[in-house]
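This report concerns only the one structure given below.
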Amino acid sequence: MSDPTTGQPSSSSMRLIFEYNGDDVRLVSQQPVDMAITGYDLPQEMMPGYHVEVQDADDAVLSRVPVRADLSSTREVFPEQPGEPITRVAVPERSGAFTVVVPAPAHADHLALVRVTPAEGAGDRAEAAPFARERMQVTELGRYPLEGGTR
């Protein structure tokens, strides 16, 4: 589904490539893609983990897409001998890259990389609705302007 006059994708999706080194996360590439992204509107429940939010100019969240990369400070180590357990070890400095494809409607303005964790004090109340919005804390790790596409 490309625009016949420009040859550019007419969809409203963006492929994003991030690189990270420790706590420094950089958005290194944004590319419009001819792809429909569905199912990432804002559900009533929030899942813990890292996410890329698409936000409008007023900071309203338009969509939240999970980051499928492991951004933790540990790595799995496989045993040398069969049958021994797989273990996790701390890494001195986290580094790597990850890709996320997000919906990018015309009114989208910027992106935010966020970490969603259970809020302190959620305790026993969380058992009834463990991932309810009011039981989660969202921490913004980075904000990036959304370029290209329909903007």
| said: When you measure from the side chain of Ser13 to the backbone of Met35, do you find a donor-acceptor pair of N or O atoms at a distance under 3.5 Å? | reply: yes

| remark: To the nearest 0.5 Å, atom OG1 of Thr117 lies from atom CZ of Arg135 at 14.5 Å

| note | Nearest heavy-atom contact between Val54 and Ala108 is CG1-CB, 3.5 Å

| Okay, side chain of Arg94, backbone of Gly22: is any donor-acceptor separation there less than 3.5 Å? | yes

| Residue pair Phe98 / Ala69: nearest heavy atoms and the distance that separates them | CB-CB, 3.4 Å

| request: Evaluate the side-chain proximity of Asp59 to His110: yes if any heavy-atom separation is below 4.5 Å, no if none is. | output: yes

| request: Verify, without hydrogens or angle tests, whether Gln30 (side chain) and Glu147 (backbone) share a donor-acceptor contact under 3.5 angstrom. | output: yes

| task | For the pair Tyr144 and Phe18, name the ring-plane relationship: parallel under 30°, tilted 30 to 60°, perpendicular over 60°. | result | perpendicular

| said: Would the distance check show the side chain of Asp58 and the main-chain N or O of Ala60 forming a donor-acceptor pair, the cut-off being under 3.5 Å? | reply: no

| Non-hydrogen side-chain atoms of Val116 and Met47 separated by less than 4.5 Å | no

| message | Could you check whether any side-chain heavy atom of Met14 comes within less than 4.5 Å of a side-chain heavy atom of Leu111, counting everything from C-beta outward? | response | no

| message | Do Val65 and Pro103 make a side-chain contact, defined as non-hydrogen atoms from C-beta onward lying under 4.5 Å apart? | response | yes

| request: Determine whether Leu113 and Val67 make a side-chain contact, defined as any pair of heavy atoms from C-beta on separated by less than 4.5 Å. | output: yes

| task | Side-chain contact test, heavy atoms from C-beta onward, threshold under 4.5 Å: evaluate it for Leu62 versus His107 and give yes or no. | result | yes

| field | Euclidean distance, Arg115 CZ relative to Leu141 CG, rounded to 0.5 Å | value | 5.0 Å

| remark: dist Arg68:CZ -> Thr99:OG1 (nearest 0.5 Å) comes out at 13.5 Å

| note | CZ of Arg26 to CD1 of Ile17, rounded to nearest 0.5 Å, is 12.0 Å

| query | Asn21 versus Ser95: any side-chain heavy-atom pair under 4.5 Å? | reply | yes

| query | Any side-chain heavy atom of Ser29 within less than 4.5 Å of one from Leu16? | reply | no

| For the side chain to side chain donor-acceptor pair (under 3.5 Å) test, which of Gln55, Glu53, His51 pairs with Arg64? | Glu53

